[in-house]
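Accompanying notes for the structure given below.
Every chain is numbered from 1 and lettered A, B, ... according to where its sequence line falls, protein lines coming before strand lines.
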2 protein chains.
Amino acid sequence: MTEAAGDAREATRARIEAAALELFTGRDFETVTADEVADAAGISRRTFFRHFATKADAVWGDFHAHVVRLEELLAGTDDAQPVLASICAAYVEVNDYAAEDLPLLRQRMRLILTEPALQAHSQVRYADVDRVVAEHVARRTGDDPHSLVPRLVATATRAAATTAFETWLIGEGSLAEDLHTAFDQLAGGFPGLRRPD
Amino acid sequence: MTEAAGDAREATRARIEAAALELFTGRDFETVTADEVADAAGISRRTFFRHFATKADAVWGDFHAHVVRLEELLAGTDDAQPVLASICAAYVEVNDYAAEDLPLLRQRMRLILTEPALQAHSQVRYADVDRVVAEHVARRTGDDPHSLVPRLVATATRAAATTAFETWLIGEGSLAEDLHTAFDQLAGGFPGLRRPD
DNA sequence: GGACGCTATGGCACCGAGTGTCACCGGGCA
DNA sequence: TGCCCGGTGACACTCGGTGCCATAGCGTCC
């Protein structure tokens with residue numbers, strides 16, 4: 001196998017993913033049972049859980065690859081660049097989708113940011129992202145990755161990215177633009193809030 | 001009733017909470033069944049779920065009251081104060097526990113920040129906090145509470161608070177101190193990261 | 001070509017979190 | 001005494017997730 005069977009596995013995985021996304025956007029995430037997704041994908045319930053550990057996982061494509069790519073991008077950033085700028089650039093690039101993939105991304109992100117069960121699940125996923133970013137910051141500052149500043153920068157920048165995603169979903173602008181806006185606010189210490197009034 | 005029975009209800013609720021906390025700290029959260037907690041509290045499994053909608057909820061005391069108090073504190077802040085400072089002050093005050101309650105707080109926070117299932121659950125809880133903070137920021141800046149800056153400030157300050165809690169758990173300092181450190185970093189745009197190197 | 005092994009899959013039984021329902025008990029109240 | 005009502009227990013059921021075993025397809029090696 002490894003060739004044909006591997007492809008077949010990828011194909012069924014993609015079928016499941018497509019079926020799941022369609023059902024979840026049509027109705028509330030929680031009201032769709034794993035059985036229904038399996039039926040729609042033409043496989044058994046048991047097989048569904050062999051491809052995705054969790055019902056929620058079917059919404060996040062191959063998120064691990066995403067994290068790995070982010071890590072590579074961070075490792076490849078220029079040390080002459082400010083740390084926050086390097087993180088922003090990495091976030092922008094890892095989310096640089098082709099125009100034809102944007103509708104799918106919107107669909108996914110809408111689910112993840114809207115459905116409570118998926119919001120909860122996302123925390124576990126984001127922990128990986130935070131770890132990677134914190135390590136990058138620590139590498140740049142010489143701090144322990146578990147100390148306050150690297151951790152804080154990681155969670156704060158992720159907050160910025162998430163907020164950027166939210167405004168991108170609502171509005172019509174580009175994701176890169178919203179990411180830069182959010183990171184600028186963060187890096188500037190929220191200039192609009194500085195002076196009272 | 002309403003007097004005697006209400007007290008009794010509070011009492012059983014407290015018993016459940018205590019039993020849950022003890023069991024969850026003794027073993028992994030997920031390996032403790034709701035049946036066990038119910039048995040330890042001397043009630044039935046069904047009654048457990050009448051007091052707490054979720055196994056995870058037994059860890060968070062009356063969190064809603066916490067959020068309400070935070071909202072009041074934010075409403076009562078001085079408008080001459082910078083916005084971030086007012087949020088920091090509110091976070092500090094809402095988490096100003098008596099010395100004798102600190103061990104319990106540590107126990108709770110360790111669970112919430114450590115156990116994956118509770119981490120996931122926390123996202124839903126934090127959404128309330130974010131809403132309250134975003135509304136406060138919007139009131140101060142005149143923005144729409146759903147626009148980027150209020151949302152971003154809310155999630156970023158919560159990230160600061162969470163990180164402060166994490167370092168507080170590990171170290172020996174005071175929580176207020178760690179909160180101020182984190183908020184100072186945030187308000188200053190992470191001064192240590194500004195210039196490369 | 002046949003035996004072997006690996007992998008994907010299906011079916012089944014099981015556990016645990018929640019939930020709806022009904023029946024019961026106790027205490028306040030007319 | 002009889003009624004009402006809130007807290008409780010018992011039971012059955014749904015659904016997410018897992019372990020186990022059996023089977024089918026396909027590639028490999030003798």
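The phosphate of D/dG9 has OP1 or OP2 within less than 4.0 Å of a side-chain N or O from B/S44. Listed pair B/H51 / D/dG7 fails the phosphate criterion, with no side-chain N or O lying under 4.0 Å from OP1 or OP2.
Side chain of B/F49, nearest nucleotide from D/dG16, C/dT9, C/dA17: C/dA17. The side chain of B/T12 approaches D/dT8 more closely than any other nucleotide in the set D/dT8, C/dT9, C/dA17. Minimum atom distance to the side chain of A/T33 is reached by D/dC15, of the listed C/dT9, D/dG17, D/dC15.
Rounded to whole Å, atom P of D/dG16 lies 9 Å from atom CD of A/E36. Rounded to whole Å, the distance from CZ on A/R27 to C1' on D/dC15 is 13 Å. Rounded to whole Å, the distance from CG on B/D35 to P on C/dA17 is 7 Å. Across the protein-nucleic acid pair, A/I16 atom CD1 and D/dG17 atom C1' stand 15 Å apart, rounded to whole Å. Rounded to an integer number of Å, the gap from A/I43 CD1 to C/dG10 P is 6 Å. Separating the CG atom of A/D39 from the P atom of D/dG16 is a distance of 12 Å, rounded to the nearest angstrom. A straight line from CD of B/E30 to P of D/dG16 spans 18 Å, rounded to a whole angstrom. Straight-line distance from the CZ atom of A/R45 to the C1' atom of D/dC15: 7 Å, rounded to whole Å.
At a cut-off of 3.5 Å, with distance as the only test, a side-chain donor of B/S86 or B/H136 sits close to an acceptor on the other residue. No side-chain N or O of A/H51 forms a donor-acceptor pair with one of A/D57 less than 3.5 Å apart.
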Q: Show the numbers, then the answer: is there a side chain to side chain contact (heavy atoms under 4.5 Å, CB included) between B/I43 and B/I16?
A: CA-CA 8 Å; B/I43 44 114; B/I16 299 174; 3.8 Å; yes
Q: Show your working on side chain to side chain contact (heavy atoms under 4.5 Å, CB included) between B/W60 and B/T54 and close with a plain yes or no.
A: CA-CA 10 Å; B/W60 303 70; B/T54 293; over 6 Å; no
Q | Derivation of the side chain to side chain contact (heavy atoms under 4.5 Å, CB included) call for B/H66 and B/N95 | A | CA-CA 9 Å; B/H66 207 75; B/N95 288 302; 3.6 Å; yes
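Taken together through direct or relayed side-chain contacts under 4.5 Å among Ile, Leu, Val, Met, Phe, Trp and Tyr, A/V68 and A/L73 form parts of separate hydrophobic clusters.
Across all strands, A/V37 comes closer than 4.0 Å to no nucleic acid atom at all (heavy-atom distances).
A salt bridge links A/R108 with A/E17: the closest approach of a Lys/Arg side-chain nitrogen to an acidic carboxylate oxygen falls below 4.0 angstrom.
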**Q.** Heavy-atom protein contacts under 4.0 Å, nucleotides 19-25 of chain D, coded B base, S sugar-phosphate only, - none
**A.** BB-----
